[in-house]
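Quick notes on the structure that follows.
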Amino acid sequence: MIRAWGKSGMARLDAVLLRLAGRKHRLIGIALLRIVIGLATVMYCLSDYGNRRFLWGPDSYNSIETAKAALSHGSFSLYFFSHSTVWFEIVFHGTILVSAVYMVYGGRALTLLQAVLMWSLHNRNQDVLEGGDNLAQILVIFMVFTVSNAYFAPGAKRRRAKFREDAGPSLPTVLHNLAAYLIVFQTAVLYFAAGYWKITGKMWQDGVAMYYISRLTGFQIWPAYAHLMTNAYVTTAVSYFTIFIELALPFAILSARGWVRKANTLALEGMHLGIMALMGLVCFGLLMIGADCTCLRDEDYESLGARVGGFASRFLPRGRATEPSGPSPVADPAVSLLQAHASAADA
């Protein structure tokens with residue numbers, strides 16, 4: 001009996017190691033996270049572009065010395081290297097440029113440069129951060145070891161073709177998968193901790209937390225949202241639903257049922273879209289949505305792309321020219337997903 005269990009355990013371990021080293025996983029989610037991090041950083045800089053010197057410059061209300069004192073030992077910022085306005089403008093505009101290029105191209109070198117510039121910007125003035133910065137700072141370090149441009153980037157198809165040609169265990173594959181799983185693990189821990197702390201709070205237990213959140217004065221609360229939260233049934237349902245989907249994420253990620261992962265992830269993304277629209281926390285919502293994207297497997301995106309494509313095809317114009325006969329190439333799930341969205345928009 002013990003020998004049988006030992007063989008079974010070794011077989012499972014071999015399967016795990018083969019999955020870890022055999023091929024790269026979560027390429028689509030990592031690519032989406034890359035786009036979101038780049039976009040959020042550009043929006044973060046441009047949203048207060050006119051006040052950039054007041055917020056981050058050498059003569060800011062938050063002086064370089066004060067900003068240094070607020071950081072833990074070992075933290076850094078390129079903005080601390082000089083009190084020169086010219087140096088500040090070079091670093092600040094370099095951040096915008098690199099983030100825009102990173103959003104399009106990706107790659108390990110650009111990821112490392114993006115991490116340095118993003119950390120520097122966040123550490124220069126922590127008063128104006130929205131909250132998603134902490135998670136982004138951790139995830140971008142893991143992303144240095146991943147392939148972030150296998151989708152939605154120039155040369156992505158060629159890159160994936162090379163992966164298929166070089167199929168087999170390799171160190172880069174192991175590093176990519178380990179980093180990708182650490183990103184998912186970090187995201188799951190964050191949500192579970194957030195749900196746990198909510199469920200231990202009295203306002204969340206009573207189901208009135210969303211009412212009090214809608215009354216906060218430090219955010220751009222949409223008036224209709226504040227009015228909606230005066231309904232006891234609505235605010236209770238939203239409060240409890242928020243706790244449920246946050247606590248459920250780790251279990252959904254481990255679930256063998258794809259619809260569970262997709263439903264939970266889409267619910268979380270819907271929650272953050274609501275935060276962006278109703279509370280004005282755009283960069284925070286974007287970064288959290290980017291982290292959510294990594295919780296889905298590549299096959300989840302394939303099935304979503306197929307579903308959206310099938311739904312959109314119903315609204316395509318009829319009477320198109322007949323395609324030449326012959327074997328059809330295998331559809332790229334990422335391209336299918338984008339085409340489906342474009343078709344729906346055209347309809």
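All residue numbers refer to positions in the sequence shown, counting from 1.
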When hydrophobic residues are tied together by side-chain contacts of less than 4.5 Å, even through go-betweens, does Tyr181 share a cluster with Phe145?
-> no
Side chain proximity check, Val147 to Ile30, heavy atoms < 4.5 angstrom | no
May I have the step-by-step check of side-chain contact (heavy atoms from CB on, under 4.5 Å) for Arg34 and Thr111, ending in yes or no?
-> CA-CA 8 Å; Arg34 179 203 85 224; Thr111 302; 5.8 Å; no
Backbone N or O of Asn149 within a donor-acceptor pair of the Arg159 side chain at under 3.5 Å?
-> yes
Treating Ile, Leu, Val, Met, Phe, Trp and Tyr as nodes and any side-chain heavy-atom pair under 4.5 angstrom as an edge, say whether Leu129 and Phe76 lie in one connected cluster.
-> yes
Do the side chain of His227 and the main chain of Pro223 share a donor and acceptor less than 3.5 angstrom apart?
-> no
Main-chain N/O of His25 paired to Asn177 side chain as donor or acceptor, under 3.5 Å = yes
Hey, is the main chain of Leu121 close enough, under 3.5 Å, to the side chain of Tyr44 for a donor-acceptor pair?
-> no
Is it the case that one hydrophobic cluster holds both Leu112 and Tyr102, taking links as side-chain heavy atoms less than 4.5 Å apart, direct or via other members?
-> no
Whether Ser303 side chain and Asp300 backbone form a donor-acceptor pair below 3.5 Å | yes
Glu130 side chain vs Cys283 backbone, donor-acceptor pair below 3.5 Å | yes
Using only heavy-atom distances, determine whether the side chains of Ser170 and Thr173 contain a donor-acceptor pair under 3.5 Å.
-> yes
Looking only at atom types and distance, does a side-chain atom of Thr235 sit under 3.5 Å from a main-chain N or O of Asn231, one as donor and one as acceptor?
-> no
Test item: Arg124 side-chain N/O and Asn62 main-chain N/O as donor-acceptor pair under 3.5 Å | yes
Check: Ser239/Thr242 side-chain N/O donor and acceptor closer than 3.5 Å = no
Does atom CZ of Phe284 have more than 12 heavy-atom neighbours, drawn from other residues, nucleotides or ligands, at distances under 6.0 Å?
-> yes
Residue Arg215 excluded, over 12 heavy atoms near CZ under 6.0 Å | yes
Does the gap between the ring centers of Tyr191 and Trp197 come in under 6.0 Å?
-> no
Phe92/Trp56 aromatic ring centres below 6.0 Å = yes
Which heavy-atom pair separates Gly29 from Asp298 by the least distance, and what is that distance?
-> N-OD1, 4.4 Å
With distance as the sole test, does Thr146 use its side chain to make a donor-acceptor pair with the main-chain N or O of His176 at under 3.5 Å?
-> no
May I ask you to check if Arg52 and Tyr49 form a cation-pi contact, with NZ or CZ under 6.0 angstrom from the six-membered ring centre and within 45° of the axis?
-> yes
Main-chain N/O of Leu78 paired with Ser120 side-chain donor or acceptor, under 3.5 Å = yes
Any side-chain donor-acceptor pair under 3.5 Å between Tyr61 and Asn125?
-> yes
Would a hydrophobic clustering, with Ile, Leu, Val, Met, Phe, Trp and Tyr connected at side-chain separations under 4.5 Å, put Met210 with Leu281?
-> yes
